[in-house]
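The structure appears right after this line, and notes come after that.
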Amino acid sequence: MSDTITIRRPDDWHLHFRDGEIMRGVVPYTARQFGRAIVMPNLTPPVTTAALAAEYRDRIAAAVPAGMTFTPLMTCYLTDATDPDDLARGHSDGVFTAAKLYPANATTNSAHGVSDVTKIYPVLERMEATGIVLCIHGEVTDPDIDVFDREAEFIERHLRAIVRDFPQLKVVFEHITTADAVTFVEECGPNVAATITPQHLHINRNAMLVGGIQPHNYCLPVAKRELHRLALRKAATSGSPKFFLGTDSAPHLRGDKESACGCAGIFGAPYALESYCTVFDQEGALDQFEAFASLNGPAFYGLPVNEATVTLERAEIAVPAELELAGSTIVPWHGGQTIGWRIAG
Ligand code: DOR
Ligand code: ZN
C-alpha cells in the first residue's frame with residue numbers, strides 16, 4: 001500500500017469565491033492546492049456579462065498571495081435575457097471559459113436564473129457552435145417535487161432534452177449526487193461529463209439529519225441515500241474520463257449556517273485534496289486519483305494539464321474546528337475531524 005502519491009497539480013472545476021473580504025480570505029486556500037478553478041458567478045448582483053466577469057477575475061487575481069500561481073476561469077451566469085453575442089465575445093476574448101445554468105431559485109443567489117430552459121435555446125445554440133461549456137445546476141425547483149428527488153427529476157424533465165436538442169454541446173452536470181446522474185452521464189456521448197464534490201463521496205443524508213440537525217453537512221443538492229454515495233464513489237474512482245474534481249466549496253460564515261434558516265453550502269476548499277485522496281485510498285484506487293483530480297477536467301475543457309506536481313503523504317492531520325474569516329469564523333469541511341492524508345512539504 002503506497003504511503004505517498006505524486007500527481008500533476010490539480011484544478012477545481014466548480015468553486016464559489018464570493019466577493020470582497022470573504023473572497024480575499026478564501027482565495028489563498030484554493031490557490032494553495034489548485035492551478036485553476038471554474039469560478040461560479042452567483043454573486044449579488046450576478047456575473048452576467050463579460051465586462052463584469054473581467055472585473056471579478058481581476059479582483060480574484062489581486063487576492064492570490066505572492067509566490068502562488070493560480071488562474072481563475074470565469075463563468076457567465078445565464079438569465080432569460082443573456083445576450084449570445086456578449087457571451088461569444090467574452091469567450092473569444094478569453095474572459096469566459098463556461099456559462100452556468102441555474103434554474104431560477106434552485107439555490108443560493110439563483111433568483112435571476114433561467115425560468116424556462118427553452119428561453120435560452122438561442123444561447124445554447126451559440127454555445128454549441130463555439131464550444132463554450134455549459135455547467136448545469138441540475139435540480140428542478142417545482143415545489144411539488146421532494147428535495148431528495150429534484151436531481152433525478154431534472155434529468156427527465158430537462159437534461160435529456162438539452163442533450164438531445166444540442167448533441168454537440170459540452171455539458172458538465174455539476175456536483176452530481178445520485179446513481180441516476182451517474183448512469184445518465186455514462187450513457188451520454190463524450191461531450192457530457194460531471195463533477196463530484198468531496199462531501200458527496202464521504203457522507204449520505206444521515207450525516208445531515210441523525211443525532212440532531214447538522215448544518216455544516218447541508219449543501220445543495222443535498223446528500224442522498226447510501227446507495228447513491230456508493231455509486232458516486234464507484235464513478236469517481238473508475239478511471240472514466242467523464243468524472244472529475246469539483247469541490248463546490250461554498251463559504252458561508254458560521255452564524256449563517258447555524259441559523260433558523262441556515263445557508264446551503266460546505267466550505268471544502270481548505271482540505272479538499274486531502275479529503276478526495278482519502279476516498280481514493282479507501283477505495284483502493286490511488287492509481288486513478290490523478291486522472292480524476294488533474295487530467296480529466298483539462299481534457300474535457302480542451303486545456304493543457306498543469307506542469308507542476310503535488311505530493312500527498314499518508315499522515316494523520318487534525319482539521320481545525322473553525323477558521324477565521326472576514327472578522328468572523330467559518331467551519332471547514334471535516335472541521336474537528338482527523339483525516340489520513342496531507343500535502344507533503
Ligand atoms: O450548497 C450550495 N451552495 N449549493 C449551491 O448550488 C450554491 C452554493 C452557494 O453558492 O452557497
Ligand atoms: Zn456550486
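Whatever order the structure lists ligands and atoms in, that order sets their numbers, starting from 1.
- Between T107 and ligand 1, at least one pair of N/O atoms sits closer than 3.5 Å.
- Within ligand 1, counting atoms from 1 as listed, the ones closer than 4.0 Å to a heavy atom of H137 are 6 (O).
- Members clustered with W13: I38, M40, L73, Y77, Y102, V133, V172, F244, F300, Y301, L303, by chain and number, using a 4.5 Å side-chain heavy-atom cutoff among hydrophobic residues.
- With a heavy-atom cut-off of 4.0 Å, N109 does not touch ligand 1 at all.
- Test V27, T30, V39, L15 against P72 for side chain to side chain contact (heavy atoms under 4.5 Å, CB included) and you get one pass: V39.
- The salt bridge (Lys or Arg N to Asp or Glu O under 4.0 Å) test applied to D144 returns no partner, not counting sequence neighbours.
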Go through the steps for H200 and H228 under the test ring-ring contact (aromatic ring centres under 6.0 Å, His included), then give the verdict. CA-CA 9 Å; H200 294 115; H228 296 293; over 10 Å; no
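- Hydrophobic clustering, with ILVMFWY side chains joined whenever heavy atoms are under 4.5 angstrom apart, keeps I330 apart from I266.
- Counting heavy atoms closer than 4.0 Å to ligand 1, residue L220 contributes atoms from both its backbone and its side chain.
- In terms of modelled atom types and a separation under 3.5 Å, the side chain of E290 and the main chain of I7 share no donor-acceptor contact.
- Distances between N or O atoms of H252 and those of ligand 1 include at least one value under 3.5 Å.
- Of all atoms in ligand 1, listed by their number and element, those nearer than 4.0 Å to a heavy atom of C219 are 1 (O).
- Heavy-atom separations between H14 and ligand 1 are all 4.0 Å or longer.
- Both the sub-6.0 Å distance and the 45° axial angle are not jointly satisfied by R36 relative to the ring of F70.
- Partner of H175 under the side chain to side chain contact (heavy atoms under 4.5 Å, CB included) criterion, out of H137, E139, Q199: H137 alone.
- Using a 4.0 Å cut-off to heavy atoms of A250, the atoms of ligand 1 that qualify are 3 (N), 8 (C), 9 (C), 11 (O).
- Looking only at protein heavy atoms, the nearest one to atom 3 (N) of ligand 1 is A264 O, 3.0 Å.
- Hydrophobic side-chain contacts under 4.5 Å tie L295 into a cluster, directly or through other members, with V305.
- Among R150, M208, E151, the single residue meeting the side chain to side chain contact (heavy atoms under 4.5 Å, CB included) criterion with V222 is M208.
- Listed by chain and number, the protein atoms of type N/O/S under 2.8 Å from the Zn ion (ligand 2) are H14 NE2, H16 NE2, D248 OD1; waters are omitted.
- The shortest N or O to N or O distance between G265 and ligand 1 is under 3.5 Å.
- The local environment of CZ in R225 is sparse, with at most 12 non-hydrogen atoms from other residues, nucleotides or ligands closer than 6.0 Å.
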